[in-house]
Protein chains: 2
Amino acid sequence: MSDIRRQRVPRPVREQQIIDAAIRIFARRGYHAASVDEIAELAGISKPMVYLYLDSKEGLFLACLRREAERLLTAFRAAAGPAHSPELRLRAGLLAFFTFVTEHRDSWVVLHRQSSEPSPAITAELARSRRELLAEVTGLVRADIAESDGPACPEDDAEFVAYTLVGAADSLTDWMALHPGEPPERITLRLMNMVWVGMRNVLDGEVWTTPSGTP
Amino acid sequence: MSDIRRQRVPRPVREQQIIDAAIRIFARRGYHAASVDEIAELAGISKPMVYLYLDSKEGLFLACLRREAERLLTAFRAAAGPAHSPELRLRAGLLAFFTFVTEHRDSWVVLHRQSSEPSPAITAELARSRRELLAEVTGLVRADIAESDGPACPEDDAEFVAYTLVGAADSLTDWMALHPGEPPERITLRLMNMVWVGMRNVLDGEVWTTPSGTP
DNA sequence: CCCCAACCTTACTGGCGAGTAAGGTTACGT
DNA sequence: ACGTAACCTTACTCGCCAGTAAGGTTGGGG
């Protein structure tokens with residue numbers, strides 16, 4: 001009848017379309033529950049194409065992981081690189097992160113919310129991308145120590161702070177979903193506000209005293 | 001040969017054994033990849049028993065969810081309840097949380113690291129348990145506002161802080177796995193240190209100025 | 001002693017989904 | 001024009017796993 005046959009498309013383009021579709025489905029269903037048929041259908045293609053271009057379900061997932069990890073890290077570095085003080089770099093990095101997640105929610109889910117271990121290769125790639133993001137943040141925190149205090153930076157305290165920041169940011173991702181109006185700028189602002197002062201406390205060694213109002 | 005026949009055991013006990021096993025497997029493999037056979041085997045029992053006692057795979061998962069959510073919340077409330085100031089209550093709550101996660105890592109994974117949506121009932125239960133934990137933390141934060149400032153507490157700022165805290169704590173769970181020596185007390189201390197001062201900033205309304213060293 | 005209820009098993013079915021075999025169609029270079 | 005390589009499909013196989021049917025064992029109350 002209506003001769004809308006499926007458009008023929010060159011391989012690199014098709015690959016990206018498949019990966020786009022895969023990210024949506026993997027994010028919705030999780031790795032195991034996602035079916036290659038469904039991904040193929042969303043990509044407007046039939047299943048064997050997926051296997052021809054990406055080898056296997058695992059290969060497809062790895063391709064998603066690699067592409068999105070690259071994107072996020074690039075965005076983060078591009079934002080945090082040029083700023084002048086460590087504080088401003090961290091701010092810019094966080095803003096880039098929240099912007100990225102706002103625009104690519106599914107990517108973040110695929111990258112960071114996968115508890116199970118589908119296969120060694122996937123576990124490794126997942127670990128790698130997380131490590132790289134953490135390393136980036138840890139670097140910023142370290143830079144801050146170096147600049148302000150000088151010596152005696154406590155070994156893993158920078159890492160501790162980085163974990164706290166990344167975890168907070170991840171969780172705030174959910175908060176954003178509940179408050180669609182909030183712009184990434186405001187969230188960044190509040191988080192910086194909340195965390196910047198305290199970071200110094202931790203990095204200078206703990207000084208917590210049982211506090212204010214003990215009746 | 002050796003006549004170690006499987007012990008006969010009353011129903012309520014067996015149910016708990018099955019749930020224990022299920023939590024381990026669900027945490028390791030995720031909901032979909034976990035097989036009921038494997039759970040049954042780990043529980044020292046055959047598959048039909050699982051269906052007899054827990055109805056279905058979904059029912060089994062729900063039972064895990066309910067039992068562990070209950071445990072965690074109870075531990076949290078028991079710790080946070082008796083302390084005197086909001087600050088001490090929060091500290092005690094966090095300590096209880098880190099202690100719980102140290103002792104029941106799998107439970108936390110099952111409760112909080114499930115991105116996919118296996119079924120409406122599971123999604124609902126998962127959402128419920130998270131909401132309750134968040135509500136508990138939000139309550140502590142609110143109480144703090146009320147005590148110190150008085151009026152004009154910003155609507156969702158308490159919620160914002162709660163999300164930050166829970167996310168940070170969750171992420172620090174991974175950090176703990178990397179540093180097996182660290183006792184929950186030290187982690188709690190550092191987190192309080194890092195976050196307590198800044199919380200006030202956020203709750204009093206944002207006051208962030210582009211900072212210190214702008215060359 | 002003997003029976004019934006609670007406990008437990010082996011041995012199936014049925015469907016879903018990863019991966020594949022075999023071949024059809026269009027663009028493009030010559 | 002026409003062949004060939006790139007693009008794409010229909011129609012399977014095969015294994016895994018949720019869920020079930022049918023029946024075996026044991027202890028404790030009459």
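A, B, ... follow the sequence lines: proteins, then strands. Residue 1 opens every chain. These numbers were taken from a predicted model, which means no experiment stands behind them.
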Any Lys/Arg nitrogen of [X] or [Y] sitting under 4.0 Å from an Asp/Glu carboxylate oxygen of the other?
X: A:Glu68; Y: A:Arg71; answer: yes
X: B:Arg130; Y: B:Asp170; answer: no
X: A:Glu15; Y: A:Arg11; answer: yes
X: B:Arg28; Y: B:Asp106; answer: no

- Query: Which residue, A:Ala34 or B:Pro10, contacts DNA chain C at a nucleotide closer to its 5' end, judged by nearest heavy atom?
  - Reply: B:Pro10
Measure [atom1]/[X] against [atom2]/[N] and give the value in whole Å, please.
X: B:Ile39; N: D:dC16; atom1: CD1; atom2: P; answer: 18 Å
X: B:Phe61; N: D:dA18; atom1: CZ; atom2: P; answer: 13 Å
X: A:Ile45; N: C:dG24; atom1: CD1; atom2: C1'; answer: 16 Å
X: B:Gln7; N: C:dA6; atom1: CD; atom2: C1'; answer: 15 Å
X: A:Arg11; N: D:dA5; atom1: CZ; atom2: P; answer: 16 Å
X: A:Glu41; N: D:dT9; atom1: CD; atom2: P; answer: 12 Å
X: B:Glu15; N: C:dA6; atom1: CD; atom2: P; answer: 14 Å
X: A:Tyr31; N: C:dA18; atom1: OH; atom2: P; answer: 9 Å

- What parts of residues 50-60 of chain A reach DNA chain D, counting only heavy atoms under 4.0 Å away?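 A:Tyr53, in order of number.
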- Establish, with yes or no, whether the OP1 or OP2 oxygen of D:dA6 is under 4.0 angstrom from a side-chain nitrogen or oxygen of A:Arg14.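 False: A:Arg14 side-chain N/O out of range (4.0 Å or more) of D:dA6 OP1/OP2.
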- Check the pair B:Glu136 / B:Arg131 against salt bridge (Lys or Arg N to Asp or Glu O under 4.0 Å), numbers first and verdict last. CA-CA 9 Å; B:Glu136 210 69 27; B:Arg131 208 169 39 241; over 6 Å; no
- Regarding the side chain of A:Asp37, the nearest nucleotide among C:dT9, C:dT26, C:dG17 is C:dG17
- Query: Closest to the B:Met49 side chain: D:dA18, C:dT9, D:dT10?
  - Reply: C:dT9
- Might you point out which heavy atoms bring A:Thr99 and A:Leu95 nearest each other, and give the distance in Å? OG1-O, 2.7 Å
- Query: For the side chain of A:Arg8 and the base of C:dA27, is some donor closer than 3.5 Å to an acceptor across the two?
  - Reply: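 Per atom types, no contact qualifies.
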Pairwise N/O distances under 3.5 Å, protein to nucleotides 11-15 of chain D:
none

- Taking the side chain as every heavy atom from C-beta outward, state whether A:Ile187 and B:Phe160 have any pair of such atoms under 4.5 Å apart.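 Answer yes - side chains close enough.
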- Kindly assign one of parallel, tilted or perpendicular to the pair A:His104 and A:Phe100, based on the angle between their ring planes and the thresholds 30° and 60°. tilted
- Message: Could you tell me if A:Gln16 and A:Arg67 have a donor-acceptor pair between their side chains, going purely by distance under 3.5 Å?
- Response: yes
